[in-house]
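Counting starts at 1 for both ligands and their atoms, following the listed order.
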Amino acid sequence: MKKIVVTGGAGFIGSAFVRYSLRTYPDLHVVTFDKLTYAGNLENLRDVDESRHTYIQGDIADYDAIHGAMEGCDAIVNFAADTHVDRSILGATDFISTNVTGVYNILEAAKALNTERVLLVSTDEIYGSIAEGSFVETDPQEPKNPYSASKAGGELIALAHHNTFGTPVMITRGSNTYGPYQYPEKIMPLFITNLADDEKVPLYSGGENNVRDWLYVDDHASGIDTALRHGSPGEVYNVAGDNERENIVLTNRILELCGKDDSSIQLVKDRPGHDFRYSIDASKLHALGWKPQMDWDKGIEETVAWYQDNEAWWRPIKNGEFKEYYKRQYANREV
Ligand code: NAD
Ligand code: DAU
């Protein structure tokens, strides 16, 4: 592979993938294609080698724009999505446009251009919640919120496209991802940055029971790269961190690392339809030679330290669009 397009490359995981790819493959050229929604930020790409990187602003829901960006490229890796569950509960129109129509446009452009590899980054949330055990790739999709339903829709169209037209699509389903450059609407950066401002952390009531599997962002990037290069078209690969934690355990560790105690927890009304537990088995990707490398204790310590050291990155975000969203999302939810 000489040239790839990374859609959503100015977001959290997409930018980590761009950095990972440029560092790992010295002859590779990366084209980042991104709409720059509230979650996109060119500061996330501030360290990339510009001689091997091109940036195009555009929307994957615009067929001509994405077709143009894919011309001359060997592969496309799609991170572009609306990604926050709470925002999808407030309104999901953009989620359908990007996560379904946008994905369809990528598939159609890949068909027209004979693109060699198409990797769609998806999520463990498409399985829904599991009380015990872990999902494998052949388990049915049972998404339970508008975000995960839109991601499942994009997946179904992609698998049908492979079946009908032979489009060389691979899908990855990753766990909850953490690390530097994550928009502070997600639990980890939200809680760390609130505590830096001596504010409380809004834990959804029932948080002691909800469980997420935590995957370090560079491990997610390398897992996606493994599926892109070594996976088989038409196949799905789970990307797990093998680090399951109850939300209260995660919250207490963040409090400890930030020098706070549980008086900084504000219990708030639960998320409607809140999935209880996500858990996936990544044996299929392990068989291709991938394993997560980051140790949990080191990963969370480094992540907390990164946000503490990079206020210049998150302060403009928290003072910007985020402010209105936060008020709308959390007002009058105390329990
Ligand atoms: P993010 O919200 O940080 O970034 C999304 C990026 O996509 C932004 O740069 C945004 O500007 C861009 N974008 C949005 N709509 C677009 C459009 N129509 N056209 C072009 N660009 C557009 O997202 P993230 O957390 O990095 O997630 C990336 C991908 O990984 C998503 O597909 C998500 O579903 C998946 N995923 C995320 C997690 C997680 O824990 N964050 C876990 C598993 C899978
Ligand atoms: O599992 C993969 C998914 O992980 C990705 O597909 C999504 O894009 C990503 O947003 C993430 O979804 P979650 O809903 O699990 O992440 P979030 O950070 O929003 O919430 C994690 C847990 O923390 C969840 O149980 C809800 C809880 N929570 C979250 C927020 C934002 C709180 O208790 N308080 C909060 O303020």
Residues Lys144, Glu142: salt bridge by 4.0 Å N-O rule: yes
Is the NZ or CZ atom of Arg173 positioned over Tyr127's six-membered ring, under 6.0 angstrom from the centre and within 45° of the axis? yes
Salt bridge between Glu185 and Arg87, side-chain N to carboxylate O under 4.0 Å? yes
Can a non-hydrogen atom of Gly102 be found less than 4.0 Å from any atom of ligand 1? no
Would you confirm whether the ring centroid of Trp296 sits within less than 6.0 angstrom of the ring centroid of Tyr178? yes
N or O pair under 3.5 Å between Ile60 and ligand 1: yes
Using a 4.0 Å heavy-atom cut-off, which part of Glu125 comes near ligand 2: side chain, backbone, both, or neither? side chain
Distance under 4.0 Å to a non-hydrogen atom of Leu36: what atoms of ligand 1 satisfy this? 11 (O)
Using a 4.0 Å heavy-atom cut-off, say whether Asp124 meets ligand 2 through its side chain, its backbone, both or neither. side chain
Checking contacts here: is it the side chain or the backbone of Arg173 that comes within 4.0 Å of ligand 1, counting heavy atoms only? Could be both or neither. neither
Do any heavy atoms of His274 fall under 4.0 Å from ligand 2? yes
Just heavy atoms, cut-off under 4.0 Å: does Leu203 contact ligand 2 by side chain, backbone, both, or neither? both
Could you check whether any heavy atom of Glu125 sits closer than 4.0 Å to an atom of ligand 1, since that is the contact criterion I want to use? no
Arg253/Glu301 ion pair, N-O < 4.0 Å: yes
Hey, is Glu334 close enough to Lys269 for a salt bridge, meaning N to O under 4.0 Å? no
Numbered atoms of ligand 1 (with element) below 4.0 Å of Thr37, judged on heavy atoms: 10 (C), 11 (O), 14 (C), 15 (N)
Would Lys186 count as a polar contact of ligand 1, with the cut-off being nitrogen or oxygen pairs under 3.5 Å? no
Taking every heavy atom of Val6 against every heavy atom of Gly14, the minimum-distance pair comes out as CG1-O, 4.2 Å
Would you say Ile13 and ligand 1 have an N/O pair spaced under 3.5 Å apart? yes
Just heavy atoms, cut-off under 4.0 Å: does Val201 contact ligand 2 by side chain, backbone, both, or neither? neither
Heavy-atom side-chain contact between Phe17 and Asp225 under 4.5 Å: yes
Got the closest protein heavy atom to atom 34 (N) of ligand 2, with its distance? Pro202 O, 2.7 Å
Identity and separation of the nearest protein heavy atom to atom 17 (P) of ligand 2: Arg271 NH2, 3.9 Å
Quick one: look up the protein heavy atom nearest atom 5 (C) of ligand 1 and list residue, atom name and how far away it is. Ala81 O, 3.6 Å
For ligand 2, is any non-hydrogen atom under 4.0 Å from Asp275's backbone (N, CA, C, O), its side chain (CB onward), both, or neither? neither
I need the nearest protein heavy-atom contact for atom 33 (O) of ligand 2: residue, atom name and distance, please. Tyr204 N, 2.8 Å
Atom 11 (C) of ligand 2 - nearest protein heavy atom and its distance: Asn176 ND2, 3.5 Å
Determine, considering heavy atoms only, which of Trp214, Phe79, Tyr38, Tyr147 sits nearest to atom 34 (O) of ligand 1. Tyr147
Using heavy-atom distances, let me know which of Asn105, Thr83, Val77 sits nearest atom 1 (P) of ligand 1. Thr83
Look at atom 18 (O) of ligand 2 and say which protein heavy atom is nearest, naming residue and atom and giving the distance to 0.1 Å. Ile187 N, 2.9 Å
For atom 4 (O) of ligand 1, the closest protein heavy atom turns out to be Gly11 CA, 3.4 Å
Which one holds for His84 and ligand 1: side chain close, backbone close, both close, or neither close, with close meaning a heavy atom under 4.0 Å? neither
At under 4.0 Å between heavy atoms, which part of Tyr278 makes contact with ligand 2: side chain, backbone, both or neither? side chain
Is the centre of the Tyr183 ring less than 6.0 Å from the centre of the Trp314 ring? no
For Arg212, which part has a heavy atom under 4.0 Å from ligand 2: side chain, backbone, both, or neither? side chain
Would you call Phe191 and Lys186 a side-chain contact if the rule is heavy atoms closer than 4.5 Å? no
For atom 11 (O) of ligand 1, which candidate among Asp34, Thr123, Asp124, Asn176 holds the nearest heavy atom? Asp34
Please collect all salt bridge (Lys or Arg N to Asp or Glu O under 4.0 Å) contacts where either partner lies in residues 69-80, sequence neighbours excluded, each pair once. none
Checking the N or O distance criterion of under 3.5 Å, is ligand 1 in contact with Ala80? no
Out of Asn41, Val121, Thr177, Asp59, whose heavy atom is nearest to atom 18 (N) of ligand 1? Asp59
Would you call Arg212-Glu246 a salt bridge at under 4.0 Å N-O? no
Glu302 bridged to Lys298 by N-O distance under 4.0 Å: yes
Which ligand 1 atoms, with their elements, are less than 4.0 angstrom from a heavy-atom of Thr98? 15 (N), 16 (C), 17 (C), 18 (N)
Out of Gly58, Ser122, Gly174, Ala65, who gets a non-hydrogen atom closest to atom 44 (C) of ligand 1? Ser122
Applying a 4.0 Å heavy-atom criterion (strictly less than), which segment of Ser175 is in contact with ligand 1: side chain, backbone, both, or neither? backbone
Taking NZ, NE, NH1 and NH2 as the nitrogens, is one of them in Asp219 or Lys291 under 4.0 Å from a carboxylate oxygen of the other? no
